[in-house]
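Report on one structure; see the data block that follows.
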Amino acid sequence: MSRRTARGNRLGLALVGAALLLAGLAALIRAAGWWPGVFGRPDSPVISPGTQEFAAEQRWFWLLLALLLVVVGLLALRWLAVQTRTEAVDTLRLEPDPRRGTTKLSARAATAAFAADLGGDGLRRINASLRGSGQRPRLFVAAVLTDTADPATFRHRLGWALDRYRRALETDQLPTTFLLH
Amino acid sequence: MTTTVDMPPVVEPHREPVSTPESAAAAYRQAMRAFRPRRVVPAAIVAALLALAAWLTAAEVVSRLFDRPLSVLPVAWLSRQGRQTAWNDPLALTVAAVLVALGLLLLVVALWPGRRRVVPVQSGHADALAVITHRALARHVATSAESVDGVGRARVRVRRGQLRVRADTPLHDPTGLPAQVREAVSAELRRLAPLRPLTVRVTVRPDRGPR
């Protein structure tokens with residue numbers, strides 16, 4: 001699950017929320033008759049004869065509305081689809097300059113090596129994955145320690161395994177997130 | 001495919017764990033940001049409903065443009081209601097109030113920072129963030145509390161920088177036991193090294209027989 005999705009979720013929820021809120025407020029203001037000059041009379045029907053006439057005559061309005069609704073529907077489906085997005089990286093490029101050739105490495109092989117390096121006593125389960133882009137990957141490690149394991153020893157092993165891993169990937173920077181769960 | 005290696009791999013010295021107060025505070029903030037709630041459930045619900053509503057309406061509109069009404073939506077009923085209901089009618093007011101309430105609810109869900117269920121801990125590496133979930137933290141602390149002689153079962157709750165330990169004991173006189181439990185819990189916390197200290201509250205109750 002990616003941070004971009006988390007930001008997108010907040011934005012999407014805020015937009016839909018604001019739209020509903022504004023529509024509801026406009027209807028309430030009209031009903032209260034606070035601003036009849038702008039919103040119209042409070043005792044006129046929700047669908048006035050004028051609106052009916054407009055809706056019956058303007059074919060382009062309905063076409064535009066249908067188009068808009070299809071676009072909104074597509075956006076909403078995409079929003080739904082990205083909920084499972086993980087930004088997982090499957091291939092790493094080890095050469096920063098492509099003119100000098102490329103070396104590719106399977107991300108799964110690389111993370112499996114890291115997990116094996118880190119594994120051992122006190123570890124019940126470990127799962128490492130690379131996320132972000134192939135050029136600038138981030139390492140995400142989720143582990144479950146046994147109840148009697150010493151987290152300090154484990155922390156030490158993590159630092160050591162991380163250094164080894166970065167040397168293997170020939171990278172100076174590998175931002176790492178570590179989750180004990 | 002060519003592979004150029006003209007420099008030996010740089011061997012970096014092992015970096016020291018985060019230790020200065022400023023960098024610890026920065027790491028804390030970063031970890032809390034990374035583990036902000038993602039609001040997947042409300043987002044998925046709203047997205048699914050929005051897609052459904054938009055496409056049903058679009059299908060209805062298009063079918064009517066071609067004079068072949070699908071009638072998946074109660075259009076006739078809705079337009080009758082719309083013609084007969086004034087803006088200040090209780091029905092219209094109720095619908096408007098529901099819209100306002102829903103909108104406010106979604107805005108709150110979007111803007112509320114939310115509660116994190118993780119505690120940032122020292123990672124042992126300069127550019128690594130480490131967190132432990134409240135559940136895992138409670139499990140570790142409970143195990144350490146239960147390792148104290150005279151403690152039967154310990155339950156631990158973690159909330160907002162507070163750790164509450166409730167231990168049962170079969171002993172009739174638990175004098176001194178709370179201090180021992182506290183010591184065991186503190187030792188475990190020192191090993192976990194949270195970036196912000198947690199306050200620990202220990203309660204020891206005599207076990208009232210088998211339940």
Side-chain angles (χ1 to χ4, degrees), chain A residues 1 3 5-6 9-10 12-14 16-18 20-21 23-25 27-28 30-31 33 42-47 59 62-63 65-66 69-70 72-73 76-77 79-80 83 95 100-103 147-148 150-152 155-156 158-160 162-163 166-167 170 173 175-181, chain B residues 1-4 9 11-12 14 34 36 38-40 42-44 46-48 50-51 54-55 57-58 61-62 65 79 82-88 92-93 95-97 99-100 102-107 109-111 122-125 127-133 135-136 139-140 143 191-192:
Chain A
M1 172 58 159
R3 295 312 310 158
T5 312
N9 282 352
R10 298 188 90 182
L13 288 169
V16 176
L20 292 177
L21 180 67
L25 279 182
L28 284 182
R30 173 147 192 182
D43 52 357
S44 61
V46 174
I47 301 178
R59 218 173 149 78
W62 292 106
L63 270 173
L65 181 70
L69 286 170
V70 168
V72 169
L77 265 199
W79 187 16
L80 193 62
Q83 298 306 317
E95 289 295 325
R100 302 197 307 175
T102 56
T103 308
D147 291 349
T148 48
D150 180 3
R155 179 159 35 237
H156 193 73
L158 173 73
W160 174 77
L162 208 56
D163 277 336
R166 298 210 297 183
R167 281 202 293 279
E170 296 174 24
Q173 284 244 313
T176 303
T177 309
F178 192 73
L179 173 72
L180 283 172
H181 68 119
Chain B
M1 191 177 89
T2 52
T3 308
T4 347
V11 179
E12 284 182 57
H14 180 79
R36 204 145 50 185
R38 272 131 199 208
R39 301 158 171 95
V40 174
V46 171
L50 192 62
W55 279 3
T57 316
V61 168
V62 170
L65 278 174
S79 63
R83 285 192 303 266
Q84 289 170 357
T85 312
W87 285 101
N88 56 7
L93 281 171
V95 172
L99 286 182
V100 168
L102 266 179
L104 280 178
L105 178 73
L106 290 188
L107 278 175
V109 170
L111 302 178
Q122 271 190 27
S123 67
H125 206 280
D127 48 54
L129 291 178
V131 298
I132 183 165
T133 59
R135 258 176 53 192
R139 209 172 55 228
H140 281 278
T143 308
R191 284 193 290 270
L192 279 167

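Residue numbering restarts at 1 for every chain, and letters A, B, ... go by the order of the sequence lines. Being a predicted model, the structure only gives us computed values, none of them experimental.
- If you measure heavy-atom distances from B:Val100 to chain A, the contacts under 4.5 Å come from both the backbone and the side chain.
- Contact tally against chain B (heavy-atom pairs below 4.5 Å) for A:Thr176, A:Val70, A:Val46: the top residue is A:Val46.
- Per-residue heavy-atom pair counts under 4.5 Å with chain A were compared for B:Leu65, B:Leu111, B:Leu102, B:Leu104, and the maximum is reached by B:Leu65.
- Checked by atom type and distance alone, the side chain of A:Asn9 pairs as donor or acceptor with a backbone atom of B:Arg38 at under 3.5 Å.
- Chosen from A:Ser44, A:Pro175, A:Ala14, the residue pairing most often with chain B at heavy-atom distances under 4.5 Å is A:Ser44.
- The main-chain N or O of A:Ala6 is never found under 3.5 Å from a side-chain atom of B:Arg39 such that the two would form a donor-acceptor pair.
- When heavy atoms are compared at a cutoff of 4.5 Å, B:Thr133 approaches chain A by way of both its backbone and its side chain.
- Taken from CG in B:Leu129 to CG in A:Leu179, the straight-line distance is 11.5 Å, to the nearest 0.5 Å.
- Of the listed residues (B:Leu105, B:Val95, B:Leu50), the one with the most heavy-atom contacts under 4.5 Å to chain A is B:Leu50.
- Taking chain A as the reference chain and counting heavy-atom pairs below 4.5 Å, the highest number among B:Ala97, B:Gly82, B:Ala136, B:Ala51 is found for B:Gly82.
- Each of A:Val72, A:Leu77, A:Leu180, A:Leu65 has some count of heavy-atom pairs under 4.5 Å with chain B, and the biggest count is that of A:Leu180.
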*How far apart are the C-alpha atoms of A:Arg155 and B:Leu192, what are their side-chain angles, what is the distance that settles it, and do they pass the side chain to side chain contact (heavy atoms under 4.5 Å, CB included) test?*
CA-CA 9 Å; A:Arg155 179 159 35 237; B:Leu192 279 167; 5.5 Å; no

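- Looking at A:Leu80, both its backbone and its side chain come within 4.5 Å of chain B, counting heavy atoms on both sides.
- Of all the listed residues (B:Asn88, B:Leu106, B:Val109), the one sharing the greatest number of non-hydrogen pairs under 4.5 Å with chain A is B:Asn88.
- Of the possible polar contacts, one joining the A:Arg10 side chain to the B:Ala110 backbone as a donor-acceptor pair under 3.5 Å is found.
- In this structure, B:Ser123 contributes its side chain and B:Ala130 its backbone to no donor-acceptor pair below 3.5 Å.
- Atom CZ of B:Arg83 has more than 12 heavy atoms from other residues, nucleotides or ligands within 6.0 Å.
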